Amino acid sequence: MSEIRFQAVRKSFGKFAAVDGVDLEVRDREFVVLLGPSGCGKTTLLRCLAGLERVDDGRVFIGDRDSTDLPPRRRRIAMVFQSYAVFPHMKVYDNIAFGLRMQREKKPVIDERVRSSAGLLHIEELLDRYSSQLSGGQRQRVAVARAIATKADVLLMDEPLSNLDALLRLEMRAELKTLLQNLDATTIYVTHDQIEALSMGDRIAVMNKGRIVQLGNPLEVYDNPSDTFVGGFIGNPPMNFLEAEVSANGGASNAKLSGGSFELTGETAALAGHNLLLGIRAEAIGVETAAADGLGRAKVIVLEPLGSHNLLTVRCGADTLKVSIQPDLFPQPESDVWLRLEPSRIRWMDRDTGVAIHTGTEEFATETAVVTT
Amino acid sequence: MALPRIRVGRVFAYVAALAVAAFILAPIYLITISAFSSFDAVYEYPKNLVPTDASMESMNIFLESDGVTDSLLRSAYVAAITIVLCLALGTPAGYALARFTFRGGNPFQLALVSTRAFPLIIIAIPLAVTYLRVGIDDTVIGVALAHVAFTLPLTVLVTASVFAGISYELEEAAMTLGCNRLSAFRKIALPLALPGVAASAIFVFVTSWNEVFAAALLTLRERTLPAQMLAALDTSPLPYRLAGGFFLLAPALVVIFFIRKYLLTTWGRVAR
């Protein structure tokens with residue numbers, strides 16, 4: 001059993017607070033991704049868990065042990081480094097066997113585990129090579145094989161795919177996910193790549209400026225961002241944010257944007273008294289080529305065909321929006337289109353604090369999808 | 001027109017390389033053949049450049065001279081002690097400079113470099129007086145200590161740059177795999193630094209083996225080879241000097257020759 005618990009962990013480098021009070025609980029065998037831009041403290045947090053950095057304040061628990069003051073070798077962890085850190089003076093076999101030898105395992109055990117780990121990563125035929133004779137992708141596999149060979153309770157990965165080229169990264173992402181599903185280890189995975197985070201994690205902890213700003217499963221984080229930072233960081237394109245004013249008159253309320261206004265149904269009481277930002281995902285905006293009731297007019301600036309869909313940049317009043325539309329629709333630049341904002345997919349944010357305001361009428365993408373199909 | 005010009009450039013480069021090689025190799029060659037020739041051949045003029053009568057006559061004259069074998073042994077001891085002390089003190093110091101930021105780290109490094117700025121001659125008298133007071137004048141260990149003082153700063157700087165070139169992540173990886181700091185150093189950083197450490201060992205050896213000033217200053221009877229030769233130079237015949245020159249030259253060349261292979265070929269990769 002190896003759940004992980006951070007309690008009010010702080011770590012500063014000089015005056016810079018890299019990790020600024022993090023509380024996080026990771027369940028046994030869970031796969032949690034730490035996601036954030038560079039400098040957000042995600043790698044520092046991982047290194048605090050590994051014991052490679054000493055925390056200034058707070059506690060770190062691994063399993064039921066307070067590991068705050070334990071050296072790395074006593075934490076029953078294994079780590080994959082961004083640079084892979086494959087030992088250049090040892091053959092692949094000895095690299096994978098290194099941790100097992102440190103644990104003084106018997107020779108047959110070592111041999112069996114080295115070969116089975118190498119087998120899982122498909123590098124059996126490389127066991128006799130040195131790291132300088134391997135490609136980047138192969139080195140990456142060696143680093144993962146070395147980490148899983150010791151069967152550590154906790155597996156830590158620090159941007160393991162970021163040094164691979166795009167195609168290899170895609171391939172390795174799926175392979176790594178399959179591999180980790182079959183292991184019993186609790187995994188903490190650090191990345192700045194939101195697609196990696198969305199596609200791999202059981203839960204995602206989005207970090208910014210040394211704090212965790214949102215913790216949730218991938219869809220939740222994507223569809224219901226806790227603030228404008230998360231909405232803007234996750235998703236490609238990022239969430240659209242439009243300045244809005246909501247006025248209630250009787251039963252219905254009206255939302256006014258710079259490019260037009262529309263009727264709001266449902267509960268809007270929570271919005272009163274805030275300067276508002278309306279957040280909406282590119283795929284939650286419907287596009288019509290003819291005017292109709294309740295649609296806002298917008299001018300097409302750029303059309304980017306992406307194969308699976310077309311990405312439209314449009315200007316609506318003072319706002320610029322990214323809209324994703326079906327791949328067979330090609331509105332020409334400078335032409336007019338009409339937009340419909342899916343009411344249930346609108347996320348309200350406070351313009352001053354950036355924090356999400358919940359009205360109780362939001363629906364998740366999954367639920368909407370079920371309704372429409 | 002481009003092709004001939006490249007060719008001319010290449011020819012010039014080869015000629016220049018040959019000239020440099022000849023400049024270095026010719027004296028080595030002459031000393032070597034003279035050291036292994038008969039007494040008469042040494043004085044022969046014009047010189048026979050292809051040795052026909054290899055003989056141990058010159059060598060024997062040298063080796064049988066008073067104090068030569070003793071001083072040769074002493075030189076070997078001094079060099080060995082110097083290397084051991086230099087590496088034992090210099091490698092950890094270099095590692096510390098490369099891995100840790102500590103108060104005074106930069107001034108320390110500057111101080112190391114500045115030790116080479118003072119000519120030896122200005123510390124000669126204080127050095128001799130100190131040795132006399134402490135009572136280590138005219139001893140092998142005394143000469144070795146002086147050599148350590150000369151070579152240690154550069155050993156520290158060289159090993160520091162070697163360790164700085166080895167990613168700390170490798171040691172961190174070892175620590176997550178069960179090493180403590182010391183065993184991570186021993187199993188990872190040290191083996192990886194070995195070529196560089198060996199290079200500074202060569203430097204220390206050559207410096208100590210050929211060092212004459214401190215050795216001559218600090219010893220009277222317990223002379224190392226260079227000191228012994230310096231003392232006997234003006235009173236000894238040419239074959240003696242040439243054979244002695246060979247002894248000063250040869251060990252350094254042999255050491256460099258054997259370690260060179262190790263410096264260049266490591267872990268399945270040839271560094272060119």
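Only a predicted model underlies this, so the values are computations on that prediction, with no experimental measurement involved. Lettering follows sequence order; numbering is per chain, from 1.
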Open item on the list: Contact between B:L192 and A:P88 at the side-chain level, heavy atoms closer than 4.5 Å - yes or no?
Closed with: yes

Task: Over 12 non-hydrogen atoms of neighbours within 6.0 angstrom of CZ in B:F203 - done: yes

Task: From B:S167 atom OG to A:Y84 atom OH, the distance as rounded to the nearest 0.5 Å - done: 13.5 Å

- [ ] Sort by residue number and list every member of residues 39-51 of chain A having a non-hydrogen atom under 4.5 Å from chain B.
- [x] A:R47

Open item on the list: Between A:R129, A:R73, A:Q103, who has the most heavy-atom pairs with chain B when the cutoff is under 4.5 Å?
Closed with: A:R73

- [ ] Name the region of A:V80, side chain, backbone, both or neither, that has any atom closer than 4.5 Å to a heavy atom of chain B.
- [x] neither

- [ ] Between chain A and each of B:M175, B:E172, B:E171, B:R181, count heavy-atom pairs under 4.5 Å; write down the option with the most.
- [x] B:E172

- [ ] List the atom of A:F87, the atom of B:L170, and the distance in Å for their closest heavy-atom pair.
- [x] CE2-O, 3.2 Å

Task: Donor-acceptor under 3.5 Å (A:H89 side chain, B:K187 main chain) - done: yes

Task: Verdict with reasoning, B:Y168 to A:L52, per side chain to side chain contact (heavy atoms under 4.5 Å, CB included) - done: CA-CA 11 Å; B:Y168 186 47; A:L52 296 170; over 6 Å; no

Open item on the list: With rounding to the nearest 0.5 angstrom, report the CD1 to CG distance, A:I96 to B:L177.
Closed with: 11.5 Å

Task: Over 12 foreign heavy atoms within 6.0 Å of OH, B:Y14 - done: no

Task: Flag if over 12 foreign heavy atoms under 6.0 Å of CZ, B:F100 - done: yes

